[in-house]
Amino acid sequence: MAGFQSLPGFRDFYPEDFSRRQHIFRGWRTAATSFGFQEYDAPVLEPLELYKTKSGDEIEAQLFSFTDKGGREVSLRPEMTPTVCRMVGEKAGALKRPIKWFSIAEFYRYERAQKGRLRAFHQFNADIFGEAGPEAEIELIALLIQCLAGFGLTKDDFYVRLSDRDLWFFYLEALGFNDAQARSVLTAIDRYEKAGDDAFKVYTEAHGVMDADKKDRVLAFLRIKSLAELEAALAAFNSEKLTARLADWRKVIAGVSAMGLADFIAVDLSVVRGLAYYTGFVFEAFDRKGDLRALAGGGRYNDLVRKLGYADLPAVGFAIGDVTTGLLIEQRGLAPAHSTAPQVYVVIGGAAERTAAFGDIQALRAAGLRVEYPFKDLAFGKQFKAASDSGAKVALIYGGDEVAKGVVKLRDLADRSEREIPRDQAVATMRDLLRC
RNA sequence: GCGGUCAUAGCUCAGUUGGUUAGAGCACAAGAUUGUGAUUCUUGGGGUCGCGGGUUCGAAUCCCGUUGACCGCCCCA
């Protein structure tokens, strides 16, 4: 193969691919605006320091970073959260609360590409700033569900696992773990589903063998599958912190249930999410069959805006990726066939008829209809095949007889019925027929 | 960053122990068909066999390197 390849992990979007991508973006945007979120955008290139401050120096290995011609250390954005925190932080004093924003943007990570994970990908991000209570979680979880359900995906296709980092810390504290030990336990929890008992190796190396009774209680917590089980597990502890967290859990579950979305969510404390800046509820969406990577992930990050140098502003947010979402839509056969097909295909008899047709074609297009016609004179048979292949609903036929009579023949391409309409009513008739 | 599998037309693939000019289906284009589309038939364009080197009289085929894709590990904001 001569010529050039695209860079590893980067994709070309041919019209068919682009059409699928637009379908996904449209679904996300429709969901977000119906929830009252406002769209924003930001630079693709940011100071490297922004990401190091948020995630630590190790993050640089995973970034598309370089030194620009002015000697600045910069990076293509690997995520939106630090950027949106900056934007909100800069104007925090002037923004009405709650701040509900979303974006659809491309991100870049210097990682080995795998199924469902590329070096350049798009994400939908939604965040709520300025609301410390679980009302923000209810709103975002409902939006996350709608961002997938809007494509026709159901509770049998995906679900949202809900967990809570604060709850874990309070629970581990009540069991007698110190802070360093608790962090190490959470790392093990994160790996437990995949690695089994080996997940505790790091803990054992750092803090010695865990007391068998404590470990049982950690693993029991991990297996909790419902709010009722959670309440039962915590009943024995007389901890104000745990009681307060439990009250928030009841609010979230009750709110989501009242929206009729209970079947989409599962209590699953095995979700703790890798990086440590999450401060409360965390959640991830997965496909039910479990053969894809996570569809979406998010959680509360109350300290991040302050950590970046701005006001103390509570926040919760999530992101959905286009790659995994696209794979799931594809797998379930929910991808649309033609989203930008012409509505009208104009069939033209010859050179003289072409002149007549052009006037009407321009008028129809100016009226907002999607209209297509063949560049070259073709046999009628060819033109009807092309009309049918194009996905158009109707054909307008400009033959010698029609033009002479001042009419145009309108053919329904589905049932092949035909009728004549006066040329001067073509635009009005077509607008009416196609409802625009 | 580490390991495994793979790479032939736009797509899916065939190609014998190394042997002449590398094939098929689909797709695309033209014609049969100058006023009616999903059929059929005919014809056509399109390949430096991922790239580079080596072995050989001769390489799509064997060897080495390299690039990319897929799978797993690390990581997953």
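In the text below, chain A, chain B and the rest are named by the order of the sequence lines, each starting its count at 1.
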Aromatic plane relationship, Phe64(A) with Tyr108(A) - under 30° parallel, 30 to 60° tilted, over 60° perpendicular: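 It falls in the perpendicular class, over 60°.
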
Aromatic ring pairing His122(A)/Phe13(A), orientation class (parallel under 30°, perpendicular over 60°, tilted between):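 The rings of His122(A) and Phe13(A) stand perpendicular, inter-plane angle above 60°.
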
Please classify the nucleic acid contact of [X] as base, sugar-phosphate, or nothing, using heavy-atom distances under 4.0 Å.
{"X": "Lys376(A)", "result": "nothing"}
{"X": "Gly399(A)", "result": "base"}
{"X": "Pro8(A)", "result": "sugar-phosphate"}
{"X": "Arg191(A)", "result": "sugar-phosphate"}
{"X": "Glu353(A)", "result": "nothing"}
{"X": "Gly56(A)", "result": "nothing"}
{"X": "Asp377(A)", "result": "nothing"}
{"X": "Glu58(A)", "result": "nothing"}

Nucleotide rU36(B), atom C1' - distance to CD of Glu402(A) in whole Å: 11 Å

What's the closest nucleotide to the side chain of [X] if the choices are [options]?
{"X": "Ser388(A)", "options": "rU36(B), rG37(B), rG68(B)", "value": "rG37(B)"}
{"X": "Gln114(A)", "options": "rA77(B), rG35(B), rC73(B)", "value": "rC73(B)"}
{"X": "Ile397(A)", "options": "rU36(B), rG37(B), rC2(B)", "value": "rU36(B)"}

Cationic tip of Arg119(A) above Tyr110(A) ring, under 6.0 Å, 45° of axis: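 Yes, Arg119(A) lies over the aromatic ring of Tyr110(A).
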
Lys/Arg cation over aromatic Phe286(A): Arg161(A), 6.0 Å, 45° cone: yes

Donor-acceptor pair present, Glu418(A) side chain and rU36(B) base, under 3.5 Å: yes

